[in-house]
Colleague: 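Let me begin by handing over the structure; questions about it come next.
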Amino acid sequence: MTDERSPHLELGVCDYPEHVPQDRWAVYAQQQKALGLTYVRIAEFAWALMEPANEQYDWGWLDQAIETIAAEGLQVVLCTPTAAPPAWLVQQHPEILPHDARGQVRTFGSRRHYDTASRVFRGYSRRITRAMAERYGQHPAVIGWQTDNEFGWGDTARTFTPAATEAFRTWLEERYGTLDQLNEAWGNVFWSMDYTAWDQILPPNRLVADANPSHVLDFQRFCSDLTVSFQEEQVTILRELSPGRWVTHNFMGFFGGFDHYRASACLDFASWDSYPTGTLESIHEWGPGGDALALAYARTGHPDFTAFNHDLYRGMTGKPIWVMEQQCGQVNWAPYNPLPADGAVQLWTAQAWAHGADVVSYFRWRAATMAQEVMHSGLLRHDETPDRGYTEVQALSLDAFPLGDIPARVALLHDYESLWLYDVQRHAAGLSYWAQVMAYYSALRRLGQDVDILHPDSDLSGYAVIVAPALTVMTPERAAHLEQAAEHAQLVFGPRSGYRTVSGRTPEDGQPGAALARLQGVRLLNFDSLRPGLEVPVAGEDGAPFLASSWAESYRLEGAQARYRYGPGPQAGQAAVTEQGAVTVIGAHSDGLIQAVLQAVLQRAGVPVEPLPEGVRVSRRAGRTLLQNWSQTEVHLEGTVLPPTSFTLR
Amino acid sequence: MTDERSPHLELGVCDYPEHVPQDRWAVYAQQQKALGLTYVRIAEFAWALMEPANEQYDWGWLDQAIETIAAEGLQVVLCTPTAAPPAWLVQQHPEILPHDARGQVRTFGSRRHYDTASRVFRGYSRRITRAMAERYGQHPAVIGWQTDNEFGWGDTARTFTPAATEAFRTWLEERYGTLDQLNEAWGNVFWSMDYTAWDQILPPNRLVADANPSHVLDFQRFCSDLTVSFQEEQVTILRELSPGRWVTHNFMGFFGGFDHYRASACLDFASWDSYPTGTLESIHEWGPGGDALALAYARTGHPDFTAFNHDLYRGMTGKPIWVMEQQCGQVNWAPYNPLPADGAVQLWTAQAWAHGADVVSYFRWRAATMAQEVMHSGLLRHDETPDRGYTEVQALSLDAFPLGDIPARVALLHDYESLWLYDVQRHAAGLSYWAQVMAYYSALRRLGQDVDILHPDSDLSGYAVIVAPALTVMTPERAAHLEQAAEHAQLVFGPRSGYRTVSGRTPEDGQPGAALARLQGVRLLNFDSLRPGLEVPVAGEDGAPFLASSWAESYRLEGAQARYRYGPGPQAGQAAVTEQGAVTVIGAHSDGLIQAVLQAVLQRAGVPVEPLPEGVRVSRRAGRTLLQNWSQTEVHLEGTVLPPTSFTLR
Amino acid sequence: MTDERSPHLELGVCDYPEHVPQDRWAVYAQQQKALGLTYVRIAEFAWALMEPANEQYDWGWLDQAIETIAAEGLQVVLCTPTAAPPAWLVQQHPEILPHDARGQVRTFGSRRHYDTASRVFRGYSRRITRAMAERYGQHPAVIGWQTDNEFGWGDTARTFTPAATEAFRTWLEERYGTLDQLNEAWGNVFWSMDYTAWDQILPPNRLVADANPSHVLDFQRFCSDLTVSFQEEQVTILRELSPGRWVTHNFMGFFGGFDHYRASACLDFASWDSYPTGTLESIHEWGPGGDALALAYARTGHPDFTAFNHDLYRGMTGKPIWVMEQQCGQVNWAPYNPLPADGAVQLWTAQAWAHGADVVSYFRWRAATMAQEVMHSGLLRHDETPDRGYTEVQALSLDAFPLGDIPARVALLHDYESLWLYDVQRHAAGLSYWAQVMAYYSALRRLGQDVDILHPDSDLSGYAVIVAPALTVMTPERAAHLEQAAEHAQLVFGPRSGYRTVSGRTPEDGQPGAALARLQGVRLLNFDSLRPGLEVPVAGEDGAPFLASSWAESYRLEGAQARYRYGPGPQAGQAAVTEQGAVTVIGAHSDGLIQAVLQAVLQRAGVPVEPLPEGVRVSRRAGRTLLQNWSQTEVHLEGTVLPPTSFTLR
């Protein structure tokens, strides 16, 4: 895609010509060009302007907007506008509205007020996509497409409409063939939940109490497939009518509403929207450190939360990503929305590049003077003066950021089905799938590792170390695939590995099931769920014990050796960390323990390890090394002085 | 009104003859007279007794009740009973029931189960009002009327019924004329929210995510207007049939569900219901001090929370108020309902007088022996023995509290539209409109100031200092009005001044818009939203810096001078407090800073300043000075010893 | 019942043959026998297997399951399977589904998805009960029956369906005869809530604000009666068709959704499901100690929470109980689900015996490999290896636990109607009915007392001390009954005694009403509701004062003497604890005060008192004394060393 055009990082911006008077368009385009931007993303929510009434199109303004941008030599990223269905469409077809988990209709007035299961809406989605693609698909300034916007935003990934209920039954019939198969797969015998007719099946909402997790898992898969196929319909049209242009989607960080691997399969590359301070405010409750961390990194976000998503989305297609929306000032949607620290926009941009972004596109050009996001910043203030982020962007030297490969020797395995099953039955309220995965990712980053995040069933060759923090769902095929990987790499498993079959039951022969048990050399004994303050010591052969919190599971050794064992408590003396050949299993949740074990594994694999101070991270790309300090204090590292919120490139 | 009748504070009580056997009526009236009361408010929720079936009236009991009270020389305040529609009416017209924000109907069984938008209910409201007024409007013992009861109680200020939806569309059509005007005013282009037909418009509830704040603002205005017109219909009838009697309404403290200025326009004076300990329990979370303050003032409430509402409601019509319901023991509706401290009832009564109450009417005579408020106290206990408050009332010397003027030299500006826009997008979760306003009010009170609270568009002449803590909504007319005021007074603005236009957008030329910018001599640079623990230093030319929390905004100087600037952080070196002529702008939220700046401004204006110790407040009326100690510790002040929960009058 | 069969404690297990392949059945039965179990409870949720389609029964599998169990000499407890209505029934009769408090239907997919008010469902309930009873009622291996499962689980005790609304009206008409009587009983005059037609009456949900507590009380009574009669229908059939077998129900701990006394009236004895760690996690918020206690007892639960329920359910019929489901490993339904401490299963079993259990039946045999409870443990792990609890059960010597009487000299009075009225108007958010009752129960247990928990109207002869911690509802008859009891026993009342009449009003002559006032020698003066941190000193004639928290009420002495009085504060000098003859009234909530007063009363009654260290408890049965240490530290007591989580029998 971008390889031919530039040897280094490029920049873009999200702009909304329809939000400002037309006399500003040329001025903005000139300013954007002068700032060193290459791309302008437009038309994201502009359906009502393009099609102000049913089948009555008004392209004049968009023609003009594209021409104005193109006239400056900028390139245009167009969006299908389906995230914001117009009022006339909702009025004519109220059945396209989504229903919430209580079964209540959600109305027009914000965005994403559509049901992915609605055949009616899909028809309109295809029609507006086709209309746009026919008009602009081959426009020389149009370089590529974004489908819709942030699938799943506003809790819309799951759908509870009558249309969805119907489609869910069909989906299940296709998956299972017979009700007997479905009843067996879900274990419906448990509470007399066996179905005797397909139309007895409902979404797993509005129940008296908790639903069968297998029911939830398949409903989640079904909803995920709806998002996937909804997007595919648009991509098919864009491929046909806009040849030579790429297609992407702007995903959200830490969003598990659908399987992003499946959603990315039809894209040229994945993009995501990076809001480091907003993300920190929203997720610090499940992240390490809680309020203290949220305070310490209030003005930059935490480096690992952002880097994780870069690596995650790079792994979707294995190709460089776009940051389609990059925070360049304060956001408006978190409980608190502080100003970023001086230097934060450069810090974020450099990190994005180092973790695989070929393009960073700032959100947004000028702060909106109306509606929901009026308190959100842009590169320009409301009064059109350059805001703080503008100045930082202006000062970037793009040729310092050459494109190229990331020399990751570590792969981290991630799987949305494991996420769904893990989170529907956390068992220890304070620990989620993302939190467990992040504990391993952060440990690797603290050890100076570049990390590829991959689906467990993907090609794992070429890595020295493979880490599977929370592969709850295991199949014999997956176990065999991992066994193969262990022939050439060190393999590390976290707790709850192999707890569940593909249909959400436990293996009949106990966790982690025969195939994985053979690979790991262990069988699960017990798992302990620890409330805040309840901690369990875990000791190796020497050194002070670590304290496990939230989770601690133990193993019966069937070939493996125990490297760490539990101290006093219900699992006293039982194996907490085991090793069999190249395979290590970590059963206790402890940042220190995870880091110590990973460090030993990395060293065994011959991978250089570089423990880093708090807030400092290293990343490598295209032969260059980026050293960043995300903390608010000066750090001295091997002769280098890193001021707060700063980076150096070597 | 009351001027002719008494030269000093008078007392009343809320009584419910229908709650007790008839043989108690005369006994109570004698006791009330003996206690020194002048007024008895009755018939507040007695619709079902007056009209036990449709158009079948039973006045006998009420005739008798009024006669019994009148026989003792007491005067009667009558209430329209519309806050409690009878069961037969609901059964006959279920369409009068309100719907909650989820669209669910709310049923009979408590009170306020009516929809202000219901034409049907309005008919019944007018009918019962007319029937009462015809019967009692000219009764010599009837001195005045209270409309309904506590408009908006029980989250009923906003209405989401089909009738309300219809009426909202009509209201919008009247306001905007065309959909183009409405779409432009709201900035509906933002997310393709443009309407192409009036009946596409819905209330801003049940959306996928946040609504357009302009949509919320107009819906709030519309709902407010419904309350206003609902009351006006009753007042018109009372004016016609009960000449020479006053009409008031008993508002609630810190309630922002409707525009109380507009609701007060048709009243003779405003009243409110003062429950200092209940209010403290309910609102301490947004007030300064949080739990610690709630604990310190658990048995009296906080002086400023109560005084603010006295001043607020006095400012509605500019006339003395009634405290229509004055807590005289413990309440029943807060999470905790402690006994008031010894002396608290006298403390509250004295403060009410000093802040403009001509009458204080205690709630209620005897504690109810049935239903929802059985745990609420009265002047008499359930067993008819005098409760603690009774004894305190008995000991009051009313001639110590002469009626007369309050010599306020400071005006504080307050506006419900600013409240609505501020709170719908707080941006910093911990700071609300009321909290920001209270920070300024409390600082003035700590400095010994008497304060008039006024609508920003009202007559501002005669004040030495005018403080506008949070005037979010600004128009050119309002700015011009304030500019005029600045010719004769010092003018102080708090943060977020002029952030929004009358339709909820930001000024196209940036905040605070040209007109206010000219007056202030500044333009907004940035605003910072600070999570708990994140603080920003603000320093003047000398002295230790203050620490801003929650909010910090900075300015570009366009004529003004910076008096305080930010220390290290994203706004380092930027102006935090500015001054241009008589106009001061405070951009940082800090109790200490606000007090320091206000003190300097007051001194510049020649207003005497008297910093007071914690919990001590001074108030002046009719030439007398009331010094109160609301704390639970003894205070020594200029030779005076103030025991806990006590006051002295000079 | 069990008396003839065994001189000592027996054990059982809950098993679900339908959850495992048939080839495991005989293996499990042999293992169960070998482990020393006597009883196997089966068929609890197996309706869909017994009647896979309407009126098509399949008994083959259950015949076989029973035969397999019987073949090992084990005895079978059968359950009516009505807690899990099959999908075909719901599809055919969707009107049997329950509605939640918002009026929304709750759907199929979990359990208890039925409306106790549904006549249609009751028909099916009787039919399946009859069918089971006809087939197995006289099977020699079937020893008894459990009705349904955990009535009220999943918030199903209250029902808000149209059918329930209809039935509620009928119930009220039967109770009150006329609407005038009802209006008077409820005090509907309060807010014009008088009804003029029966069909105006609705359940007290979906109101604008709080409902009339009398309305809530009667609705609670009505719902309770529905559960009672629903069960009675099943019991009648079982009595007819399964002569000589007992019938019980497995109640839940601390559940107040219905009157368990009335529900137990038709049973042979009461059973309950004991989950000590799960209960602790769920209720520590209202229990003494909060998070600190939840942490200290995370691996055993708190001794008093569990013992209370044993004593409570023993008191239902006055006969020994079954623990029908005894936790034997970790549970899955609390926020945190830690592993029990080593020894906990023995600790719980021994305590259950000492508090009146003749049988302890573990839940469950093998951990489920499917569906909602896949993370719940059993005696066997998923992989069929013995789990930790199995080993503990194996090591039990059952003849150490002889059956026999509990020599309780103290009775504690408990009443569900008082619970309902107390909790609907707590007045001090942090104190609930259960919490207040537990404060007295725990104090008695800390003093080494065995306690019978009884309904206040039951036979109270034979006790030395009778404690009524929270008898909110008082009638003249009840007061007379207590007066009789005071002739031969010391009587202790806690706060809020006699606050309410049988219809939920207060006595017209003030609390606690004439009859109880005469017995106590006091009248209520004031009650104080104390937020956390607000404490009131209470002092006796000597010794340091105690600090009351949450609640403090005072009395006017009318014959009684004050033993403790309040220190400084609104009730300074007033009586806090009074004594008149054998009757003591405690008005202040303080663990220390309660213990001190109870100790004095016990001593006065000649009952030996044995204050115990933290976590240590003593219980007596059949001439033996059980001394337990539930703490995690070793305790030395009178020469005995008690390791953590241990017991000794003397």
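Residue numbering restarts at 1 for every chain, and letters A, B, ... go by the order of the sequence lines.
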Colleague: Check whether any side-chain heavy atom of A:R299 sits under 4.5 Å from a side-chain heavy atom of B:L534, and report yes or no.
Modeller: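 They are in side-chain contact.
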Colleague: B:D528 vs A:N337, test: side-chain hydrogen bond (donor to acceptor under 3.5 Å, both in side chains). Steps then yes/no.
Modeller: CA-CA 7 Å; B:D528 201 2; A:N337 303 285; over 6 Å; no
Colleague: So which residue, B:R426, B:Q571, B:Q425, ends up with the most heavy-atom pairs under 4.5 Å with chain A?
Modeller: B:Q425
Colleague: Using a strict threshold of under 4.0 Å (side-chain N to carboxylate O), is an ion pair present between A:R111 and B:D210?
Modeller: no
Colleague: Would you say the side chain of A:P98 lies within less than 4.5 Å of the side chain of B:V208, judging by non-hydrogen atoms?
Modeller: yes
Colleague: Has A:Q330 got a side-chain atom pairing as donor or acceptor with B:F527's backbone, closer than 3.5 angstrom?
Modeller: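 Side chain of A:Q330 to backbone of B:F527: a pair is present.
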Colleague: Taking NZ, NE, NH1 and NH2 as the nitrogens, is one of them in A:E384 or B:R523 under 4.0 Å from a carboxylate oxygen of the other?
Modeller: no
Colleague: What residue, out of A:V331, A:L295, A:D342, has the most heavy-atom pairs lying under 4.5 Å from chain B?
Modeller: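 Top option by heavy-atom pairs under 4.5 Å: A:L295.
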Colleague: Checking the side chain of B:R531 only, and the main-chain atoms of A:Y336 only, is there a donor and an acceptor separated by less than 3.5 Å?
Modeller: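 No, because the side chain of B:R531 does not come within donor-acceptor range (under 3.5 Å) of the backbone of A:Y336.
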Colleague: Determine yes or no for a side-chain-to-main-chain donor-acceptor pair under 3.5 angstrom, with A:S110 supplying the side chain and B:A211 the backbone.
Modeller: no
Colleague: Tell me, for B:P570 versus chain A, whether the close heavy atoms (under 4.5 Å) come from the side chain, the backbone, both or neither.
Modeller: both
Colleague: So, the side chain of A:T107 versus the backbone of B:N205: is there a donor-acceptor pair under 3.5 Å, distance only?
Modeller: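 Such a contact is found between A:T107 side chain and B:N205 backbone.
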Colleague: Find out whether B:R206 and A:V105 are in side-chain contact, i.e. whether some heavy atom of one side chain is under 4.5 Å from a heavy atom of the other.
Modeller: yes
Colleague: Can you tell me if B:R505 uses its side chain to pair, donor with acceptor, with the backbone of A:A371 under 3.5 Å?
Modeller: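 No, B:R505 side chain to A:A371 backbone: no donor-acceptor pair under 3.5 Å.
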Colleague: Got A:F45 and B:M193 here, is their nearest side-chain heavy-atom distance under 4.5 Å?
Modeller: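 Not in contact.
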Colleague: When only pairs under 4.5 Å are counted, which of A:E18, A:H113, A:E281, A:R112 shares the most heavy-atom pairs with chain B?
Modeller: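 Of the options given, most contacts go to A:E281.
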Colleague: Heavy atoms, side chains only, cut-off 4.5 Å: are B:D509 and A:D383 in contact?
Modeller: no
Colleague: Please determine, among B:D194, B:N188, B:L530, the option with the most heavy-atom pairs under 4.5 Å with chain A.
Modeller: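 Ranked by heavy-atom pairs under 4.5 Å with chain A, first place is B:L530.
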Colleague: Is the closest side-chain heavy-atom distance between B:T506 and A:M370 below 4.5 Å?
Modeller: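 In short, these two side chains do not touch, never coming nearer than 4.5 Å.
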Colleague: Keeping A:T369 on the side-chain end and B:E508 on the backbone end, is there a donor-acceptor pair under 3.5 Å?
Modeller: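 Pair absent, no side-chain N/O of A:T369 close to backbone of B:E508.
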Colleague: Can you tell me which portion of A:R366 sits under 4.5 Å from chain B's heavy atoms? Options are side chain, backbone, both or neither.
Modeller: side chain
Colleague: Side-chain contact, heavy-atom cut-off 4.5 Å: A:Q372 with B:W191?
Modeller: yes
Colleague: Which atoms of A:S377 are under 4.5 Å from chain B, going by heavy atoms: the side chain, the backbone, both sets, or neither?
Modeller: neither
Colleague: Under 4.5 Å from any heavy atom of chain B, what part of A:F108 do you find: side chain, backbone, both or neither?
Modeller: both
Colleague: Any side-chain heavy-atom pair from A:V90 and B:Q200 closer than 4.5 angstrom?
Modeller: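 A:V90 vs B:Q200: side chains apart.
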Colleague: Which answer fits A:E373, side chain, backbone, both or neither, if we ask what part of it has an atom under 4.5 Å from a heavy atom of chain B?
Modeller: both
Colleague: With a 4.5 angstrom heavy-atom cut-off, which part of A:A294 approaches chain B: side chain, backbone, both or neither?
Modeller: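 It is both, since atoms from each part get that close.
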Colleague: Counting only non-hydrogen atoms closer than 4.5 Å, does A:P52 touch chain B with its backbone (N, CA, C, O), its side chain (CB onward), both, or neither?
Modeller: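 Looking at A:P52, just its backbone touches chain B.
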Colleague: Taking side chain as everything from C-beta outward and backbone as N, CA, C, O, which of these in A:A298 sits under 4.5 Å from a heavy atom of chain B? Side chain, backbone, both or neither.
Modeller: side chain
Colleague: Go through the atoms of A:P81 and report whether side chain, backbone, both or neither lie under 4.5 Å from a heavy atom of chain B.
Modeller: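 For A:P81, no heavy atom lies under 4.5 Å from chain B.
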Colleague: Heavy-atom distances under 4.5 Å only: say whether A:D100 touches chain B with side chain, backbone, both or neither.
Modeller: side chain
Colleague: Begin from the C-alpha positions of B:D199 and A:Q91 and carry the test side-chain hydrogen bond (donor to acceptor under 3.5 Å, both in side chains) through to its verdict.
Modeller: CA-CA 9 Å; B:D199 56 358; A:Q91 186 180 30; 2.7 Å; yes
